[in-house]
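Below is one structure, written out as structure tokens; comments come after it.
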Number of protein chains: 2
Amino acid sequence: MTAKNIFLNKRPSSTDTKNKIMNAAEAAIVRGGYSAFSFRDIAEEVGIKSASVHYHYPTKADLVVAVMMRFTDEFQAILADPEVDDFDARTTLNHFIDGFRSKNVERHSMSICTMLTADKHLLSEAVSQSLADFYQVKLGWLTKVFMRLENLPEDAARDRAGQFVATLHGASVLVQATGELAWYEKVASPWRQPSE
Amino acid sequence: MTAKNIFLNKRPSSTDTKNKIMNAAEAAIVRGGYSAFSFRDIAEEVGIKSASVHYHYPTKADLVVAVMMRFTDEFQAILADPEVDDFDARTTLNHFIDGFRSKNVERHSMSICTMLTADKHLLSEAVSQSLADFYQVKLGWLTKVFMRLENLPEDAARDRAGQFVATLHGASVLVQATGELAWYEKVASPWRQPSE
DNA sequence: AAATATCTACCTATCACAAGATAGGTGCAA
DNA sequence: TTGCACCTATCTTGTGATAGGTAGATATTT
């Protein structure tokens, strides 16, 4: 690959297409879960044919595992490290609540992990595992946050992390079911931290 | 219909079959949501043909609406009235937590309303409405419970009801996703009431 | 440098199957 | 003889997946 090619080569890049496919799949899963999209849907959105989607991801399970792994990686990349000295646990938790709201609740959808959890019965072992892995990452990080925030030992902090995760996820279910966005703040408010 | 017929008539009763169909559908929805069962599945379980299921419930939406309405009715019938004098709010709430656990969480599934909420994008208007109706009934009852339990005005009690519902639903998501049943008690414990 | 081979990212066409739904028929009880 | 609860048979649509082909970029050989 010469420098020229970077500008002139019109040959489709595999990673570009793969990312487009994952983007479409992720959006579709958030909208309606595992069974709410087909290879044909994805293909149309990306601008290729369904057989070409199979070229990049042989099976649906392969595709969803890839989506979950990317999701987990991005999640980890964005998070602040709770073990550095100047970590601000209060602000971080508030931002987390806001992020969950803007990324999921306000878009009239639930998180990709809640959606896949609901479809767990029809997930392959590999997909289930990638889902469980994500929860471990999420709970692990929140455990550290609560250790800092509430000066708790790891065990107790992990319980708090679980309570927190459950509350946010449950809130998004409540919003989705009733159609009342206001529920989110009402449910999440006990977890909000005073700014000072 | 004579008294004799009660014992001798082997002609299938419409309501019996309808109940069997609803039982099968409800169990299937709890297992995997709206798209996880077909008329053929239901038919096989009941012991008739799929066309006969359509005879009782012309469309899938009709069937699921019927299931949700029956579910809501049964829910209301079981609940103690929080407005009578000897209503024991503490015990009632503990029983509610236990009931949610034994009916959903321990069976490695989530509640029918959580499952349908996740599938909301593909529900017809009628089904969505029956789902929203159930949540209103549930929240309405819990609001009264919290008014008694915590001596709150209606507004504040309703917020508490929402927080409670969200927590239990979220806990069941967490259990389902991680496969760790222990999360349920850990998440629900702050809501448990001291027995005296 | 030219010729050849291989690889890549797509394509068309098709498979087997399962879905919701409908038309029209059968047997039996009231 | 009417109505009910069921049946067989079939339609259409959509699914995940596969086989096999093609044009063009890249790599290898001559």
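All figures in this text were calculated on a predicted structure; none of them were measured in a lab. Just so we're on the same page: letters track the sequence lines, and every chain starts at 1.
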So salt bridge (Lys or Arg N to Asp or Glu O under 4.0 Å) across residues 153-170 of chain A, not counting sequence neighbours, yields A/Glu150-A/Arg160

Atom CG of A/Asp16 and atom C1' of C/dC10 are separated, to the nearest Å, by 15 Å

Taken in chain and number order and not counting sequence neighbours, the residues that satisfy ring-ring contact (aromatic ring centres under 6.0 Å, His included) with B/Trp191 are B/Phe146, B/Phe164

Within residues 122-132 of chain A, the residues having a heavy atom closer than 4.0 Å to DNA chain C are none

Across all chains, not counting sequence neighbours, the side-chain hydrogen bond (donor to acceptor under 3.5 Å, both in side chains) partners of B/Tyr34 are none

The side-chain hydrogen bond (donor to acceptor under 3.5 Å, both in side chains) partners of B/Arg31 (sequence neighbours excluded) come to none

Contacts of B/Ser38 meeting side-chain hydrogen bond (donor to acceptor under 3.5 Å, both in side chains) (sequence neighbours excluded), chain-then-number -> B/Asp41

From NZ of B/Lys49 across to C1' of C/dA21 the rounded distance in Å is 17 Å

Across all chains, not counting sequence neighbours, the side-chain hydrogen bond (donor to acceptor under 3.5 Å, both in side chains) partners of A/Ser189 are none

Note: contacts of residues 51-62 of chain B with DNA chain D (heavy atom, under 4.0 Å) are B/Ala51, B/Ser52, B/Tyr55, B/His56

Rounded to whole Å, the CD1-P distance (B/Ile48 to D/dA5) equals 11 Å

Distance-only donor-acceptor pairs under 3.5 Å for side chains of residues 46-58 of chain A, two or more places apart:
unit_1: A/His54; atom_1: ND1; unit_2: A/Pro58; atom_2: O; d: 2.8

Ordered by number, residues from residues 32-46 of chain A within less than 4.0 Å of DNA chain D (heavy atoms) are A/Phe37, A/Ser38, A/Phe39, A/Arg40

- Does B/Ser50 place a side-chain N or O at less than 4.0 Å from the phosphate oxygens OP1/OP2 of C/dA21? no

(message) Closer than 4.0 angstrom, basic N to acidic O: yes or no for B/Arg192 and B/Asp98?
(response) yes

In short, ring pair (Phe, Tyr, Trp, His ring centres under 6.0 Å) pairs touching residues 102-128 of chain B with sequence neighbours left out are none

Per-pair distances, 0.1 Å, donor-acceptor, side chain in residues 72-82 of chain A, under 3.5 Å, sequence neighbours excluded:
unit_1: A/Thr72; atom_1: OG1; unit_2: A/Met68; atom_2: O; d: 2.8
unit_1: A/Asp81; atom_1: OD1; unit_2: A/Glu83; atom_2: N; d: 2.9

